[in-house]
Amino acid sequence: MAKGRRTTAIIGQDRSNSSPQLYKYQILGSSDENEQDTIIRRRERDEYPDDLILDEHLRSFRNAAKNSLIQIVLAAGAIVAVIFWAIAYGTQARAESCDTWDTGFTCSPSISQYWGQYSPYYSVQSEIPNDVPGECKITFAQLLSRHGARDPTYEKSLLYRMTIDKVHRDAISYTESFKFIQDYLYSLGANQLTVFGEQQMVNSGHHFYDRYQDLASHITPFIRSADQNRVVQSGLNWTQGFHQARLSHLKKKHDNFPYPILNISEAAGSNNTLDHGLCNPFELSNSGSEAQRIWLNTFIPPILQRLNNNLPGANLSNVEALFIMDLCPYETVASSTGKLSPFCNLFSEKEWQEYDYYQSVGKYYGYSWGSELAPSQGVGFVNELIARLTHTPVHDNTSTNHTLDSSNITFPLHATLYADFSHDNDMMAIFSALGLYNETEPLTKETMQSVEQMKGYAASRAVPFAGRAYFEKMSCKGEKEEMVRIVVNDRVVPLKSCGGDRLGRCALGKFVDSLSFARSGGNWDKCLISAR
């Protein structure tokens, strides 16, 4: 077993109620606090790739602030966050949400669908029909999901509060549309799922059950999760949605819930296909943030000028203007119903498209084919997927955990339904190793490209909060071999690399053959580390 695996305690589940509800889960802490600190710091770098700018601001902040003041600020913020959660949790059932189990987040799409990886999941329009083709039957389904909406990372939360404090301290006046900032109280937490994010995952479980109910009505998925708190909680909430949808469909009062989840350690040095961290040259790369810096310096100056004109005296910087934009999605998902934050209306639709492109550039050059080693971080998962599709042992010497993958208990080869829970950056690397966006040319760094020009690639369309990919295998009348199809956030991704048909499918054999990059280990030899 991978070291550092935690125990999960499930609290407050009502098995008799057939309507989806939100549940809080308590994760029993690791005995190695230093190990946890390492995990958090590494993940914060992943979630905000522009670490060069981040470090600069943190040095300034830490030199100016005393430890006691930081502790007071964080304690007050935590209290406010708890109060906010209690109020939101108590009223969410009575309020109308913008998020539904079938189509995801539907409010203000001209804004909310352009927040990059901070967009809430929404059903992406598919050029190819995404329902099961006629005369076909699904025989296998694998879910790969990002966790639900969360608060900012710890260091980002400090930086956001710094920015708001700077405005409150230095701005001498506020124009009409900016007046709300004068009384705005920063109360976001750090790292954890929001109530909105929990409900996203309940909805996702419902969605999966509804799509695959012919199998799911009598088969429980084999479930794995990277063991960071928000990922584990996302998986648990997903099982709640799946469970409630099954009870409602079958008109039963109980099944074998709670379902077991295999938590795979994210501790430094652990082999884990749902969390990168083994390839030192890749971990030290700043290719994503360097590319983002170029585009930031191109699109943000007009926005910065307008912000400073409306907040005279604030003298915000480029990155602080970006932080003000970040508050729009984070404040929105901090609302239990996804109520659009007033920060969102400070910017035009075109500016949100530029912001979305900024995030897409970061993902492309940090975690996709814009980075030499990024796709190799997804090779381990792809080889596990091949094993599951073909019912054969895993062949991989990259990030797979050989102890887990060699056991039928921790890696069954003959299950029909699978569900894995991970992070956006890991999913981006996996999509790249699969060749899903091979047609996307290198993104320009000084001019914005449209989704059409990027051949369907965009961070908001690929890895939003609660984003998911379905890997399907189906038997079809008239076909000698089972067919494979991949659906990302309800969009069928054309499988060009294996000669996909007009329905986006490839025969299983051709699909596996097309994955030669993963089967050969990608560029893992350049990582100078081997699997244990």
Side-chain angles (χ1 to χ4, degrees), residues 126 128-145 204-205 207-224 238 242 246 273-274 378-396 400 405 408 411-422 427 430-431 433-438 467-519:
S126 182
I128 299 171
N130 64 10
D131 53 350
V132 180
E135 299 187 328
C136 290
K137 181 180 179 181
I138 298 292
T139 59
F140 169 102
Q142 155 86 63
L143 163 73
L144 175 63
S145 174
S204 178
H207 189 283
F208 185 89
Y209 181 87
D210 183 76
R211 182 173 181 84
Y212 303 113
Q213 64 178 244
D214 287 348
L215 295 173
S217 60
H218 59 281
I219 297 173
T220 298
F222 178 78
I223 307 169
R224 303 186 305 175
W238 184 91
F242 181 97
R246 175 190 268 178
T273 59
L274 302 176
V379 161
F381 180 89
V382 174
N383 285 328
E384 289 181 331
L385 176 64
I386 292 172
R388 288 172 168 178
L389 286 167
T390 60
H391 310 301
T392 58
V394 178
H395 296 286
D396 181 81
T400 51
D405 285 6
N408 192 54
F411 196 83
L413 291 172
H414 295 278
T416 303
L417 299 176
Y418 297 90
D420 289 330
F421 297 90
S422 182
M427 290 175 63
I430 289 167
F431 293 162
L434 285 163
L436 296 192
Y437 299 106
N438 279 359
R468 74 289 306 250
Y470 296 152
F471 304 93
E472 301 176 336
K473 188 168 64 171
M474 59 187 74
S475 61
C476 302
K477 186 176 180 180
E479 299 288 349
K480 296 180 180 179
E481 192 176 5
E482 289 182 300
M483 307 293 284
V484 175
R485 184 171 67 167
I486 300 176
V487 182
V488 178
N489 299 317
D490 293 342
R491 175 179 178 259
V492 177
V493 181
L495 297 180
K496 301 289 187 179
S497 59
C498 55
D501 64 14
R502 61 184 179 83
L503 296 177
R505 307 169 304 172
C506 283
L508 175 60
K510 288 185 176 181
F511 176 73
V512 172
D513 288 344
S514 74
L515 300 176
S516 58
F517 175 81
R519 290 187 292 110

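As a basis for the values below, the full set of heavy atoms in this structure was taken, side chains included, without hydrogen atoms, waters or symmetry mates. Worth saying up front: this structure is predicted, and the values here are computed from it rather than measured.
With Asn130 contributing its side chain and Arg491 its backbone, the two residues share no donor-acceptor pair below 3.5 Å. In this structure a side-chain-to-backbone donor-acceptor pair under 3.5 Å is present from Arg519 to Val512. The backbone N or O of Leu508 lies less than 3.5 Å from no partner atom in the side chain of Lys473, so there is not a single donor-acceptor pair. Asn438 places no side-chain N or O within 3.5 Å of a backbone atom of Ser497 that could act as its donor or acceptor partner. Put simply, the side chain of Asn489 gets close to the backbone of Arg468: a donor and an acceptor are under 3.5 Å apart. In terms of modelled atom types and a separation under 3.5 Å, the side chain of Ser204 and the main chain of Trp238 share no donor-acceptor contact. In terms of modelled atom types and a separation under 3.5 Å, the side chain of Arg224 and the main chain of Ala419 share no donor-acceptor contact.
In terms of heavy-atom proximity, Arg485 sits nearest to Gly504 at CG-O, 4.0 Å.
Of the N and O atoms on the side chains of Tyr212 and His207, not one donor lies less than 3.5 Å from an acceptor on the other residue.
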Check: What's the verdict on side-chain hydrogen bond (donor to acceptor under 3.5 Å, both in side chains) for Glu482 and Thr139, showing C-alpha distance, side-chain angles and the deciding distance?
Finding: CA-CA 9 Å; Glu482 289 182 300; Thr139 59; 2.8 Å; yes

Next item on the list: Run the numbers on Arg388 and Gln142 for side chain to side chain contact (heavy atoms under 4.5 Å, CB included), then give the verdict.
Entry: CA-CA 9 Å; Arg388 288 172 168 178; Gln142 155 86 63; 2.5 Å; yes

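Ion pair Arg246/Asp210 not flagged as a salt bridge, since none of the NZ, NE, NH1 or NH2 atoms sits closer than 4.0 Å to an Asp/Glu carboxylate oxygen.
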